[in-house]
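A short worksheet on the structure shown next.
In this chain, residues are counted from 1 in sequence order.
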Amino acid sequence: MLDRVFNPEGKSLTPMRGFKYSSWSPLGCDANGRCLLAALTMDNRLTIHANLNRLQWVQLVDLTELYGERLLEASYRLCKADTPCGELGDFPEFQRRHSMQAPVRMEWSGICTTQQVKHNNECRDVGSVLLAVLFENGNIAIWQFQLPFLGKESITSCNTIESGIGSPSVLSWWEYEHNNRKMSGLIVGSAYGPVKIIPVNLKAVKGYFTLRQPVVLWQEMDQLPVHSIKCIPLYHPYQKCSCSLVVAARGPYVFWCLLLISKAGLNVHNSHVTGLHSLPIVSMTADKQNGTVYTCSSDGKVRQLIPIFTDVALKFEHQLIKLSEVFGCVRTHGIAVSPCGAYLAVITTEGMANGLHPVNKNYQVQFVTLKTFEEAAAQLLESSVQNLFRQVDLTDLVRWKILKDKHIPQFLQEALDKKIESCGSTYFWRFKLFLLRILYQSMQKAPSEVTWRPSHEDAKILISDSPGMGSTEDDQEEGTSKQASKQSLGDTGKGVDIDDPAEDSLHQSSDTGGREPMVEKLLEIQAQIEAVEMHLTREHMKRVLGEVYLHTWITENTSIPTRGVCDFLMSDDGYDDRTARVLIGHILKKMNKQTFPEHCSLCKEILPFTDRKQAVCSNGHIWLRCFLTYQSCQSLVYRRCLLHDSIARHPTPEGKMFLGQKGQDWGFLTFIYKMA
């Protein structure tokens with residue numbers, strides 16, 4: 001009755017606060033295209049949260065309550081063949097029910113995508129995501145959510161399977177792709193040592209398969225608890241096929257298992273990596289780009305394990321990363337690697353000083369750079385992702401290099417120009433725009449105050465009470481105080497150094513002489529930025545016109561200012577694009593001299609298409625243009641880029657990632673949240 005978990009309403013002790021575990025969903029799961037957060041509290045309550053508004057987290061659903069209701073309806077039996085349950089007053093029955101509802105771990109699967117045909121014969125991608133919850137008794141509840149996840153109404157199904165693992169400790173998804181067939185399963189680890197893959201049958205998701213029976217990766221009960229499991233998809237260079245590498249932290253050792261599907265069936269190779277740490281591993285993370293694994297123990301030592309394939313299986317090369325050389329004597333509590341392996345985040349506290357432990361613990365998140373600027377730039381140029389915002393850690397390394405050196409390296413400029421000439425992808429144009437904007441920012445004078453920090457000063461103050469005013473205790477009359485205030489205000493405006501005007505003018509002339517080349521440089525960079533922006537705008541206009549030409553029966557496309565976009569593209573004599581001219585010719589022939597002009601909602605005047613950013617009528621009414629469709633946004637509700645660069649006419653996303661005019665992401669702060 002004193003246990004706060006068994007009896008949280010006993011109020012004999014203070015309620016337990018804090019979190020046992022948290023898990024992030026993939027990108028694109030909530031209404032804004034961001035991540036969902038599954039949080040497990042200390043009192044065994046599992047909830048799902050979403051960042052619906054900026055910097056504001058909202059609880060969407062309480063899965064513990066919903067699962068408890070399902071168990072109550074089933075009389076706390078998984079199937080009808082089970083024996084009837086006993087009375088709740090019986091302590092073994094109380095323990096059994098508690099272990100059925102006490103989560104240990106939960107993990108999100110990848111997004112499962114299927115095709116759905118709409119009423120206009122257009123195919124639409126319908127996504128769903130799975131959340132696997134591992135309980136103390138070894139059961140696994142698999143929740144299926146329809147995307148975007150909005151709450152209880154988005155729950156599609158909930159199935160419970162038995163893992164057969166005693167005292168489970170950790171859970172991870174196993175996702176494997178072989179010959180365009182996607183397979184999935186759940187890897188469960190025990191506190192006694194065994195590791196097993198459990199089949200997960202996805203009947204509701206077409207195109208996904210699973211194992212026929214459970215696969216035991218490690219069966220010996222050697223009392224080495226499994227602390228963490230990571231599954232890394234790799235390509236086998238000798239077998240010429242994809243494979244799956246499973247690594248698990250077991251005490252001070254790393255257990256690895258290579259899974260490979262061949263004509264003979266599923267091949268399993270496993271072993272242990274020893275000699276890494278003298279203390280148990282407290283945290284493990286993996287870089288899914290190249291398969292590098294990082295482990296750490298509490299003594300401040302981090303190991304980097306690099307897999308190297310052999311003819312039979314693989315081997316690991318490992319090296320030591322001494323955090324004491326960077327941060328001093330510290331204790332480590334957890335590590336995490338950034339999505340593209342540019343940074344390693346480490347949670348540390350103070351270590352021992354003169355053989356004594358610190359009195360207070362100050363937890364800090366430290367960042368270690370794992371890649372150089374040259375490596376990050378080369379990876380961005382050769383990336384297959386073609387998306388700068390899914391490689392935000394690499395772009396951050398490039399950004400800091402340009403901000404520090406105040407120039408773009410010559411090798412990067414030449415390599416980027418060659419990429420643009422060879423393929424002309426908009427990805428490289430956006431990369432060039434990113435470099436130019438950072439260079440422009442590095443040339444500007446840094447503001448004296450932090451722009452994002454809110455000011456808590458009062459907007460209205462008395463002139464006599466403002467600092468620097470020359471009123472004294474003797475000036476008690478109102479007229480005298482006002483006169484003194486005006487004099488001191490005038491002195492403040494003139495400046496402090498008024499004794500030597502010649503020296504002041506000398507400084508001003510020298511600053512002016514050095515400022516002229518800087519202004520010319522900024523104007524040159526600004527011209528390059530505008531040229532790249534115009535190229536990206538034209539490419540996007542061509543894409544918009546192509547959608548209009550191919551899908552004229554869609555109602556939304558009839559409101560796009562097609563004639564204005566065509567005239568805007570043809571207005572520049574120096575722009576000679578055969579593809580654009582042919583497309584515009586077909587569109588004008590289909591329109592048959594019809595213009596369909598936009599009208600101002602205030603005065604009903606025609607809105608000319610003279611600017612890609614805004615529309616101004618003859619009466620001076622100004623409307624911002626949507627960057628996605630180039631329509632004038634005359635409604636009160638629309639979305640805006642976080643950097644206030646562009647707007648979108650539709651207030652809610654339509655399932656795809658929206659980009660600002662200069663390439664900023666529409667609300668994706670996932671990496672920042674994860675690293676925090």
Side-chain angles (χ1 to χ4, degrees), residues 27 287 289 326 336-346 365-420 425-453 518 521-522 524-533 535-536 641-646 657 659-676:
L27 278 173
D287 182 6
Q289 299 286 331
V326 184
V337 68
S338 61
C340 296
Y343 290 103
L344 182 70
V346 188
V365 180
Q366 313 277 4
F367 291 90
V368 181
T369 304
L370 299 176
K371 294 181 183 293
T372 61
F373 164 76
E374 291 76 10
E375 294 174 345
Q379 190 169 342
L380 285 171
L381 290 173
E382 302 297 333
S383 173
S384 60
V385 179
Q386 299 284 300
N387 191 321
L388 290 177
F389 306 98
R390 296 187 184 273
Q391 308 172 87
V392 65
D393 50 344
L394 298 176
T395 58
D396 187 71
L397 282 177
V398 176
R399 181 176 65 90
W400 275 111
K401 178 70 174 179
I402 297 176
L403 286 176
K404 185 177 68 173
D405 298 345
K406 297 185 182 301
H407 76 278
I408 302 175
Q410 187 67 25
F411 82 93
L412 181 56
Q413 284 184 343
E414 295 176 355
L416 187 56
D417 292 339
K418 289 181 180 179
K419 289 287 185 180
I420 292 176
S425 172
T426 56
Y427 165 75
F428 298 109
W429 282 97
R430 291 188 182 278
F431 189 22
K432 183 177 181 179
L433 179 60
F434 168 78
L435 297 177
L436 290 174
R437 289 176 64 85
I438 297 302
L439 179 61
Y440 186 84
Q441 181 183 356
S442 66
M443 295 294 183
Q444 289 180 320
K445 185 179 179 181
S448 58
E449 297 181 358
V450 182
T451 56
W452 58 266
R453 184 176 298 167
M518 184 64 66
K521 183 69 174 178
L522 288 174
E524 180 184 353
I525 298 173
Q526 184 65 32
Q528 297 179 14
I529 291 175
E530 292 177 356
V532 177
E533 287 180 0
H535 176 83
L536 291 173
C641 172
L642 286 179
L643 299 183
H644 289 196
D645 183 48
S646 303
M657 184 173 64
L659 298 178
Q661 181 177 346
K662 300 184 179 65
Q664 290 90 0
D665 193 357
W666 291 80
F668 280 82
L669 298 176
T670 309
F671 172 66
I672 300 175
Y673 291 141
K674 285 185 177 180
M675 298 306 291

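- In this structure the side chain of Q528 never reaches within 4.5 angstrom of the side chain of K432, judged on heavy atoms.
- Between L435 and R399 the shortest side-chain heavy-atom distance does not fall below 4.5 Å.
- With values rounded to the nearest 0.5 angstrom, F434 atom CZ is found 6.5 Å from I402 atom CD1.
- For the atom pair L439 CG and I408 CD1, the distance stands at 4.5 Å (nearest 0.5 Å).
- When all heavy atoms of A376 and L397 are compared, the closest pair comes out as CB-CD1, 3.9 Å.
- Here the closest heavy-atom approach between residue V337 and residue G341 is recorded as CG2-CA, 3.8 Å.
- Legend: residues meeting side chain to side chain contact (heavy atoms under 4.5 Å, CB included) with T372, ordered by chain and number and at least two apart, are E374, E375.
- Between the CZ atom in F367 and the CG atom in D396 there is a gap of 9.5 Å [rounded to 0.5 Å].
- Taking every heavy atom of both residues into account, F428 and I420 meet most closely at CB-CG1, 3.8 Å.
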*asked:* Apply side-chain contact (heavy atoms from CB on, under 4.5 Å) to residues Q526 and L522 and explain how you reach the verdict.
replied: CA-CA 6 Å; Q526 184 65 32; L522 288 174; over 6 Å; no
task: Would you check, one step at a time, whether the test side-chain contact (heavy atoms from CB on, under 4.5 Å) holds for Y343 with T369?
output: CA-CA 5 Å; Y343 290 103; T369 304; 3.7 Å; yes
If you apply the rule side-chain contact (heavy atoms from CB on, under 4.5 Å), what do you find for L412 with F431, and how did you get there?
CA-CA 11 Å; L412 181 56; F431 189 22; 4.3 Å; yes
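- Every side chain to side chain contact (heavy atoms under 4.5 Å, CB included) that K521 has, sequence neighbours left out, goes to M443, E524, I525.
- Comment: E382 engages K419 in a salt bridge, judged by a side-chain N to carboxylate O separation of less than 4.0 angstrom.
- Summarising the geometry, atom CD belonging to Q441 is positioned 5.5 Å from atom CG belonging to L403; distances are rounded to the nearest 0.5 Å.
- For the atom pair CG (L394) and OG (S383), the distance works out to 8.0 Å, reported to the nearest 0.5 Å.
- Closest approach of W429 to V532, counting heavy atoms only: O-CG1, 3.6 Å.
- With rounding to the nearest 0.5 angstrom, the CD atom of Q413 is 8.5 Å from the NE2 atom of H407.
- In terms of heavy-atom proximity, S425 sits nearest to Q386 at OG-OE1, 3.2 Å.
- Contact check for L380 versus Y427: side-chain heavy atoms found under the 4.5 Å cut-off.
- Of all heavy-atom pairs between D393 and S338, the closest is OD2-OG, 2.6 Å.
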(message) Before you tell me yes or no, could you show the steps for V365 and V346 under side-chain contact (heavy atoms from CB on, under 4.5 Å), namely the whole-Å CA-CA distance, both residues' side-chain angles and the distance that decides it to 0.1 Å?
(response) CA-CA 6 Å; V365 180; V346 188; over 6 Å; no
